[in-house]
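Chain identifiers are assigned alphabetically (A, B, ...) following the order of the sequence lines, protein sequences preceding nucleic acid strands; residue numbering begins at 1 within each chain. Source: prediction; values computed, not measured.
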2 protein chains.
Amino acid sequence: MPRPADQTGDTRTRIMEAASSHFAERGFDGARTQAIADEAGVNKAMLYYHFRDKEHLYIEILSNNLIEIFSQIFPTFLQQELPVRERLLRIAAAYHLFLSTHPQLRALILQELAVGGPRLGDVLEKVKGSVPGLDIEQVFMGIRSLMDSGELRQGDPRQVLLHLLSLTIFPFFARPLLETIWGLSPPEFEEVMKDRPAAVADLLDQGLFTRQEVR
Amino acid sequence: MPRPADQTGDTRTRIMEAASSHFAERGFDGARTQAIADEAGVNKAMLYYHFRDKEHLYIEILSNNLIEIFSQIFPTFLQQELPVRERLLRIAAAYHLFLSTHPQLRALILQELAVGGPRLGDVLEKVKGSVPGLDIEQVFMGIRSLMDSGELRQGDPRQVLLHLLSLTIFPFFARPLLETIWGLSPPEFEEVMKDRPAAVADLLDQGLFTRQEVR
DNA sequence: GTCTATACATTGATAGAC
DNA sequence: GTCTATCAATGTATAGAC
């Protein structure tokens with residue numbers, strides 16, 4: 001729904017908000033500069049004044065969105081006070097909450113992944129500049145030390161993190177496919193998503209199968 | 001690399017192959033009919049003779065790809081001879097293998113998900129017409145009966161299937177993001193993916209944590 | 001079935017007045 | 001900073017000869 005020209009905030013901000021929604025819905029190639037300008041309530045020439053061109057605008061948008069999610073979620077990775085189980089579940093919960101409340105971010109990332117992430121390098125530079133503590137090695141080291149202290153089962157820390165991200169993020173990405181193939185209405189899908197964190201916690205706790213014998 | 005006009009197969013087939021690769025790499029909006037025609041080694045007008053327009057061509061491509069994966073994977077869901085654990089692991093393995101060997105399919109699905117799947121309805125109609133046994137309810141009923149017989153832990157069958165799909169498919173989708181943020185080279189990522197099925201099996205078997213007590 | 005030629009709309013982008 | 005006016009390039013799609 002392109003709402004025409006509500007004059008809230010300064011021009012630059014309004015352009016970014018409009019661009020965000022268009023890039024999210026149609027991707028870089030599908031988004032139209034004209035439509036962005038219209039929705040922002042400014043002339044098309046303004047895009048090129050405030051940002052160099054479509055590409056720079058896009059990178060600015062994607063960076064800002066990633067900065068927002070990482071600066072909010074990354075601290076969760078590193079906090080040490082809680083028991084392991086709660087720490088991991090909080091990471092999952094943080095992603096779940098963020099993706100639930102930011103459908104635009106989900107679409108934006110999906111669009112970039114779909115074309116193979118050609119601009120992720122540039123984007124990550126900007127993100128690193130704004131989220132200082134972003135160091136994935138620390139996360140892996142943290143997981144490894146939990147394995148050594150016996151709180152987590154031994155294994156590749158990358159696989160553990162991948163488990164967590166997969167279980168949490170995939171349903172958001174695959175939603176249209178799941179709704180179509182599983183024949184779910186949006187409310188039905190929402191219901192599945194509501195139960196998701198508990199189901200994930202249960203899998204991490206117990207695995208999938210009934211237990212015949214114990215090691 | 002657009003290879004020019006190798007005259008293998010009939011025109012219609014060559015167009016579809018070229019279109020497949022372009023839609024996969026750039027999406028519906030990003031793909032150019034001219035580029036597709038060039039790569040297929042035919043005139044652009046041929047696209048409109050063999051297919052009605054760009055949209056019909058796209059739907060044809062996406063349907064064919066989904067038909068291929070479903071007709072190959074769906075039988076795996078329903079085979080009853082094997083123990084539960086092996087049945088589930090085979091489903092995961094089937095997806096893993098298929099996505100490993102069909103990078104184009106992965107991209108094609110991702111592109112459609114990115115725009116919210118506006119053509120999935122039409123596509124699924126075509127798929128259902130060509131893969132007769134495609135009935136998701138049977139799968140859920142199968143999972144539920146395994147719960148009732150005590151082989152699987154009780155829970156929502158949809159969450160179980162979602163676990164399986166998430167753990168298996170997500171890494172393929174998120175690859176560019178993971179490589180960039182985790183700082184992995186393609187060979188390093190491949191290595192992680194090689195170990196993936198075993199790591200997933202381990203999670204399903206044991207959960208994530210060390211076991212203090214047993215129920 | 002395949003091509004040439006072209007219609008017609010829309011695109012991203014800029015020059016220059018205010 | 002913001003606008004009007006405009007451009008060259010490129011987009012999808014079609015008409016009609018062969």
Side-chain angles (χ1 to χ4, degrees), chain A residues 2-63 108 111-112 114-115 118-119 122-123, chain B residues 2-62 108 111-112 114-115 118-119 122:
Chain A
R3 31 145 209 193
D6 73 280
Q7 302 286 347
T8 320
D10 58 54
T11 299
R12 195 187 153 88
T13 306
R14 289 210 316 281
I15 292 176
M16 290 189 66
E17 282 168 359
S20 245
S21 106
H22 281 266
F23 282 134
E25 279 171 36
R26 307 267 290 161
F28 179 81
D29 287 315
R32 299 296 159 220
T33 54
Q34 184 63 63
I36 294 173
D38 289 349
E39 187 172 321
V42 299
N43 192 277
K44 196 169 48 166
M46 281 293 90
L47 308 198
Y48 297 90
Y49 174 78
H50 285 282
F51 308 86
R52 189 199 307 273
D53 55 18
K54 193 184 181 185
E55 176 123 4
H56 281 77
L57 174 57
Y58 177 82
I59 289 181
E60 185 76 15
I61 302 288
L62 188 55
S63 304
L108 228 34
Q111 294 282 6
E112 184 63 16
V115 292
R119 303 176 185 89
D122 289 347
V123 167
Chain B
R3 32 144 210 194
D6 72 279
Q7 302 286 347
T8 319
D10 57 45
T11 299
R12 196 187 153 87
T13 307
R14 289 210 316 281
I15 291 175
M16 291 188 65
E17 283 168 359
S20 244
S21 104
H22 281 265
F23 282 133
E25 280 171 34
R26 308 267 289 163
F28 180 80
D29 287 316
R32 298 297 160 218
T33 54
Q34 183 63 63
I36 294 173
D38 289 349
E39 186 171 321
V42 299
N43 192 278
K44 197 170 44 169
M46 282 292 90
L47 307 198
Y48 297 89
Y49 174 79
H50 285 282
F51 308 85
R52 188 198 306 273
D53 55 18
K54 191 184 180 183
E55 177 123 3
H56 281 76
L57 174 57
Y58 177 81
I59 290 181
E60 185 76 15
I61 302 288
L62 189 55
L108 227 35
Q111 295 281 6
E112 185 63 16
V115 292
R119 304 173 184 91
D122 289 346

For this session: Begin with the C-alpha distance, continue with both residues' side-chain angles, and end with the deciding distance and a verdict on side chain to side chain contact (heavy atoms under 4.5 Å, CB included) for Asp53(A) and His56(A).
Result: CA-CA 5 Å; Asp53(A) 55 18; His56(A) 281 77; 2.9 Å; yes
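Shown here are the side-chain contact (heavy atoms from CB on, under 4.5 Å) partners of Ala19(A), two or more places apart in sequence or in another chain: Phe23(A), Ile36(A), Leu57(A), Ile61(A). Applying the salt bridge (charged side-chain N to carboxylate O under 4.0 Å, His left out) criterion to Arg32(B), with sequence neighbours excluded, gives no partner residue. Shown here are the side chain to side chain donor-acceptor pair (under 3.5 Å) partners of Glu112(A), two or more places apart in sequence or in another chain: Tyr58(A).
As a whole-Å value, the separation of Met46(A) CE from dG12(C) C1' is 16 Å. The distance between atom NE2 of His50(B) and atom C1' of dC3(C), rounded to the nearest whole Å, is 12 Å. Between Ile36(B) atom CD1 and dG11(D) atom P there is a gap of 11 Å when expressed in whole angstrom units. Following rounding to the nearest Å, Tyr58(A) (OH) and dG12(C) (P) show an atom-to-atom distance of 15 Å. In this structure, the CZ atom of Phe51(A) is 14 Å from the P atom of dA13(C), given to the nearest Å. Atom pair Leu47(A):CG and dT11(C):P shows a separation of 13 Å (rounding to whole Å applied). Distance Gln34(A) CD to dA9(C) P: 16 Å, rounded to the nearest Å. Nucleotide dT4(D) holds its P atom 12 Å from the CG atom of Asp38(A), rounded to whole Å.
In terms of phosphate contacts, Arg32(B) brings a side-chain nitrogen or oxygen within less than 4.0 Å of OP1 or OP2 of dG11(D). Here Thr11(A) reaches the OP1 or OP2 of dT2(D): one of its side-chain N or O atoms lies under 4.0 Å away.
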Exercise. Can you give one letter per nucleotide of nucleotides 13-18 of chain D, going 5' to 3': B for a protein heavy atom under 4.0 Å from the base, S for sugar-phosphate only, - for none?
Worked result: BB----
Side-chain donor-acceptor pairs under 3.5 Å in residues 42-51 of chain A, sequence neighbours left out?
from     : atom 1 : to       : atom 2 : distance (Å)
Asn43(A) : OD1    : Ala45(A) : N      : 2.9

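Annotation: the span from Arg26(B) atom CZ to Gln111(B) atom CD amounts to 9.5 Å, rounded to 0.5 Å. Interatomic distance, NE2 of His22(B) versus CD of Gln34(B), reported as 10.5 Å (0.5 Å rounding). Interatomic distance, OG of Ser20(A) versus CD of Glu25(A), reported as 10.5 Å (0.5 Å rounding).
Nucleic acid contact class of Ala37(B) (heavy atoms, under 4.0 Å, all strands): none.
Summary of helix geometry: the two end axes of the helix from dG1(C)-dC18(D) to dC18(C)-dG1(D), each defined by five base pairs via their C1' atoms, are inclined to each other by 0° (rounded to 10°).
Here the closest heavy-atom approach between residue Phe28(B) and residue Glu55(B) is recorded as CE1-CA, 3.7 Å.
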